[in-house]
Amino acid sequence: MGAGAWGTALAQVLAADGTPVRLWARDPALVATIAAERRNPVYLPTAALSEAIRPTADLDDLAEAEMVLVVTPAQAMRGVLRQLPQAGMPLILCSKGIEAGTMKLLHAVAAEEHPGSPIAVLSGPTFAHEVAAGLPTAVTLAAADRDVAGPLARRIKRPSLRPYVSTDVAGAEIGGAVKNVLAIACGVVEGAGLGQNARAAVIARGFAEMTRFGLARGARAETLAGLSGLGDLVLTCSSTSSRNYSLGVGLGRGEPATALLADRRTVAEGAFTAPVLHDAAAAAGVDMPVAEAVCRLLGGANVGAVIEALLSRPLREEGI
Ligand SMILES: NC(=O)C1=CN([C@@H]2O[C@H](COP(=O)(O)OP(=O)(O)OC[C@H]3O[C@@H](n4cnc5c(N)ncnc54)[C@H](O)[C@@H]3O)[C@@H](O)[C@H]2O)C=CC1
Ligand SMILES: O=C(CO)COP(=O)(O)O
């Protein structure tokens with residue numbers, strides 16, 4: 001469900017061995033193009049798509065599915081889930097974010113919209129173009145019930161896709177949501193020319209923020225230090241393949257956030273997560289200075305002033 005870069009890549013890795021996969025896109029014109037060209041020229045132009053992928057613009061076509069992978073932008077998830085037939089099939093949430101307004105993690109959103117469906121979360125260091133190309137990738141597959149996560153993991157594993165099972169759903173989600181905001185911060189470091197020492201500092205202190213917030217919201221530290229937390233943080237904080245990192249590079253160069261966001265066709269989730277995270281951290285009484293700095297930059301604050309404010313914070317002991 002969702003034919004952006006990530007939904008298309010997941011469809012491809014699952015269908016590469018001939019497993020039939022329906023790929024839902026909301027845009028019928030994109031569905032027609034994917035069916036005709038066996039490519040998604042808008043969101044994943046480099047990947048040749050398997051004949052086993054059947055694109056559709058009709059959510060009713062998913063009613064008979066063995067499972068549904070939900071891969072819309074995080075803020076669109078509730079609306080699209082509301083239109084999906086209530087067929088009780090497992091839902092695997094692959095998007096990364098926190099719902100604006102409610103501050104809910106996406107598994108809670110899905111459970112509200114589909115109370116009859118088992119819910120799982122798939123998250124980790126996974127650039128879509130690499131997954132579609134069959135390059136080796138490991139992910140966290142989390143569900144509250146191990147008897148849900150285990151069979152799903154066995155069903156989606158492929159020679160190049162290795163799921164690790166977890167029962168820490170909140171931890172798997174928080175890592176993916178928070179790292180997008182921290183990836184913007186690392187992009188800012190590059191764009192502002194602050195050097196590699198500074199980037200490593202942002203990754204390490206950002207991880208401390210992720211851990212503080214995660215623990216406050218019921219996550220386990222070992223999950224945050226795993227694929228869906230630290231693993232994904234390292235990936236997206238060090239590559240311009242990350243849309244979030246690239247957005248940060250622009251901000252660091254002093255380009256206005258409004259113009260950078262208006263220019264994007266693809267989603268940089270961190271820009272939507274940052275203000276929600278700011279509110280959620282305040283509600284949980286958690287200090288998140290790096291995420292807060294990203295929020296200020298997205299709101300139009302001056303780069304130099306934001307960096308100065310971060311560096312002049314009172315000294316503290318290292319640790320979470
Ligand atoms: N691209 C990647 O490498 C990865 C992305 N993700 C996550 O997957 C989610 C989707 O990301 P991508 O596929 O990369 O996005 P994308 O930017 O490539 O495509 C977004 C897709 O969502 C659709 N869309 C936009 N608004 C919508 C709405 N209101 N209702 C339904 N569909 C809507 C667009 O038409 C498009 O098909 C995000 O939460 C992202 O953080 C997770 C892992 C890897
Ligand atoms: O989540 C991702 C890789 O795991 C993709 O990162 P971006 O959304 O920053 O491109």
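All ligand and atom numbering here is 1-based and tracks the order in the structure. All heavy atoms count here, side chains included; hydrogens, waters and symmetry mates do not. If you read the sequence from its start, that first residue is 1, and numbering goes on from there.
For ligand 1, the atoms closer than 4.0 angstrom to any heavy atom of V80 are 30 (N), 31 (C). If you number the atoms of ligand 1 from 1 as listed, the ones under 4.0 Å from a heavy atom of V267 come out as 11 (O), 15 (O), 17 (O). Of all the atoms in ligand 1, the ones that sit under 4.0 Å from a non-hydrogen atom of T266 are 17 (O). Using a 4.0 Å cut-off to heavy atoms of K96, the atoms of ligand 2 that qualify are 1 (O), 2 (C), 3 (C), 4 (O). The distance from ligand 2 to the heavy atoms of G124 drops below 4.0 Å at these ligand atoms: 4 (O). Numbered from 1 in the order shown, with element, the atoms of ligand 2 that lie under 4.0 Å from a heavy atom of T126 read 3 (C), 4 (O).
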Could you list the donor-acceptor pairs under 3.5 angstrom formed between side-chain atoms of residues 115-129 and any protein atom two or more places apart in sequence or on another chain?
unit_1, atom_1, unit_2, atom_2, d
S117, OG, M89, O, 2.7
T126, OG1, G124, O, 3.3

Sequence neighbours excluded and cut-off under 3.5 Å, please list the side-chain donor-acceptor pairs for residues 268-287, or say none.
unit_1, atom_1, unit_2, atom_2, d
E269, OE2, A74, N, 2.7
T273, OG1, E269, O, 3.1
H278, NE2, E292, OE1, 3.2
D287, OD2, R313, NH2, 3.1

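Protein heavy atom nearest atom 10 (C) of ligand 1, with residue, atom name and distance: V71 O, 3.5 Å. Shortest contact from atom 9 (C) of ligand 1 to any protein heavy atom: T72 O, 3.8 Å. Looking only at heavy atoms of the protein, atom 22 (O) of ligand 1 is closest to P73 CD, 3.1 Å. For atom 6 (N) of ligand 1, the nearest non-hydrogen atom of the protein is W6 CD1, 3.3 Å. Nearest protein heavy-atom neighbour of atom 29 (N) of ligand 1: A76 CB, 3.3 Å. Counting protein heavy atoms only, atom 41 (O) of ligand 1 is closest to E269 CG, 3.2 Å. Given atom 21 (C) of ligand 1, the protein heavy atom at minimum distance is G4 CA, 3.7 Å. Ranking protein heavy atoms by distance to atom 44 (C) of ligand 1, first place goes to T126 O, 3.1 Å.
Between K179 and ligand 2, a contact under 3.5 Å exists for at least one N or O pair. Remark: ligand 1 and K96 share an N or O pair separated by less than 3.5 Å (distance only, no angle test). In terms of polar-atom proximity, A5 is counted as a contact of ligand 1, with an N or O under 3.5 Å from an N or O of the ligand. Close N/O approach between L30 and ligand 1 is not found [any backbone or side-chain N/O within under 3.5 Å]. Residue D232 places at least one N or O, backbone or side chain, under 3.5 Å from an N or O of ligand 2. Considering backbone and side-chain N/O of R243, one or more are found under 3.5 Å from N/O of ligand 2. Annotation: F127 places no N or O atom under 3.5 Å from an N or O atom of ligand 1; distance criterion only. The N/O atoms of R243, backbone and side chain alike, include one that comes under 3.5 Å of an N/O atom in ligand 1.
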*Yes or no on side-chain hydrogen bond (donor to acceptor under 3.5 Å, both in side chains) for S242 and N244, after CA distance, side-chain angles and deciding distance?*
CA-CA 5 Å; S242 157; N244 289 291; 4.6 Å; no
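To the nearest 0.5 angstrom, L91 atom CG is 10.5 Å from L62 atom CG. The OG1 atom of T8 sits 11.5 Å away from the CZ atom of R39 when rounded to the nearest 0.5 Å. Once rounded to the nearest 0.5 Å, the distance linking CG of L141 with CZ of R154 reads 10.5 Å. Rounded to the nearest 0.5 Å, atoms OG1 (T240) and CG (L247) are 13.5 Å apart. The NZ atom of K104 lies 13.5 Å from the CD1 atom of I98; values are rounded to the nearest 0.5 Å. Summarising the geometry, atom CD belonging to E130 is positioned 10.5 Å from atom OG1 belonging to T46; distances are rounded to the nearest 0.5 Å.
Between P55 and R38, the shortest heavy-atom distance links the atoms CD-NH1, 4.4 Å. Residues S50 and A15 come closest through the heavy atom pair OG-O, 3.2 Å. The two residues C186 and R199 have their closest heavy-atom pair at SG-CG, 3.9 Å.
Between E269 and ligand 2 there is no heavy-atom distance shorter than 4.0 Å. Remark: distances from the non-hydrogen atoms of A128 to ligand 2 are all 4.0 Å or more. Assignment of G97 to the shell around ligand 1 is not supported, since no heavy atom sits closer than 4.0 Å. Note on ligand 1: A3 sits in its first shell, one or more heavy atoms being nearer than 4.0 Å. Look at D27 and you'll find every heavy atom at least 4.0 Å from all atoms of ligand 1. Ligand 1 has no atom lying under 4.0 Å from any heavy atom of G2.
At a heavy-atom cutoff of 4.0 Å, ligand 1 is contacted by the backbone of C94 but not by its side chain. Contacts between N244 and ligand 2, counted as non-hydrogen atom pairs separated by less than 4.0 Å, involve both the backbone and the side chain. Neither the backbone nor the side chain of H129 has a heavy atom within less than 4.0 Å of ligand 1. Contact annotation for A128 and ligand 1: heavy atoms of both the backbone and the side chain come within less than 4.0 Å of the ligand.
Using a 4.0 Å cut-off between charged nitrogen and carboxylate oxygen, R54 and D61 do not count as a salt-bridge pair. Checked for salt-bridge contact, E113 and R82 meet the test: a charged N lies under 4.0 Å from a carboxylate O.
Residues S160 and V13 have side chains in contact (heavy-atom distance under 4.5 Å, counting atoms from C-beta outward).
No hydrogens or angles considered: nothing links the side chains of D58 and T56 as a donor-acceptor pair under 3.5 Å. A donor-acceptor pair shorter than 3.5 Å can be found between the side chains of T167 and R220.
Applying the side chain to side chain contact (heavy atoms under 4.5 Å, CB included) test between L251 and each of V306, I184, V294 identifies I184 as the sole match.
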